[in-house]
Amino acid sequence: MLECRVLGPVRVLVDGAVVEVGGALPRRLIAALALADGKPVSDDRLAQAMWDDGSPAKAAAAMQAYVSRLRSALGTAYRDRLGRTPAGCFLHADEVRRCC
């Protein structure tokens, strides 16, 4: 089971175990994707969620790197739940908890 908790400390749990996703930027990425309920989120929306109003010149490359690291952290059983379509990135979590 892939679970995301987005209110309070952002956490990702795989089969009940907390997965280390990194610092603030990966957690912002996870929160933006989890709150989209499996729908693709455009790069522009993700950049705004991650960097507020000042995204770096190479934001798209940075996001791809974060997505790649997060896919690895999810392990082989869940890595396909995080991906990309032409419309943007998506995350298919079994459960998104909007609480701690």
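- In this structure, Ala31 and Val6 approach most closely via the heavy-atom pair CA-CG1, 3.9 Å.
- Looking at Val21 and Tyr66, their side chains never come closer than 4.5 Å, going by heavy atoms from C-beta outward.
- The minimum heavy-atom distance linking Val96 with Ala93 is given by the pair CG2-CB, 4.0 Å.
- Contact detail for Gly38 and Phe90: the closest heavy-atom pair is O-CB, 3.8 Å.
- With hydrogens and angles ignored, the 3.5 Å screen pairs a side-chain donor or acceptor of Arg28 with a backbone N or O of Met50.
- Ala73 approaches Val19 most closely through the heavy-atom pair O-CG1, 3.4 Å.
- Taking SG of Cys89 as the reference point, atom CD of Gln64 lies at 8.0 Å (rounded to 0.5 Å).
- A donor-acceptor pair is defined here as one N or O able to donate and one able to accept, closer than 3.5 Å; such a pair exists between the side chain of Arg27 and the backbone of Gly22.
- Residue-environment remark: CD (Glu3) exceeds the threshold of 12 foreign heavy atoms within 6.0 Å.
- Judged purely by atom type and a 3.5 angstrom limit, Arg71 uses its side chain to pair as donor or acceptor with the backbone of Arg79.
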### Message
Apply side chain to side chain contact (heavy atoms under 4.5 Å, CB included) to residues Leu46 and Leu33 and explain how you reach the verdict.
### Response
CA-CA 8 Å; Leu46 288 176; Leu33 292 172; 3.9 Å; yes
### Query
When you look at Arg98 and Leu35, which way does the side chain to side chain contact (heavy atoms under 4.5 Å, CB included) test go after all the steps?
CA-CA 9 Å; Arg98 290 166 171 88; Leu35 291 172; 3.5 Å; yes
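- Between the SG atom of Cys4 and the CZ atom of Arg97 there is a distance of 11.5 Å, given to the nearest 0.5 Å.
- Distance check: Ser68 OG to Arg84 CZ gives 12.0 Å after rounding to the nearest 0.5 Å.
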#### Entry: Residues Asp43, Met63; criterion side chain to side chain contact (heavy atoms under 4.5 Å, CB included); working and verdict
CA-CA 8 Å; Asp43 287 350; Met63 279 188 286; 3.8 Å; yes
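- For Arg81 (side chain) and Leu91 (main-chain N/O), no donor-acceptor pair under 3.5 Å exists by modelled atom type.
- Residues Leu13 and Leu74 do not share a hydrophobic cluster, clusters being chains of Ile/Leu/Val/Met/Phe/Trp/Tyr side chains in contact below 4.5 Å.
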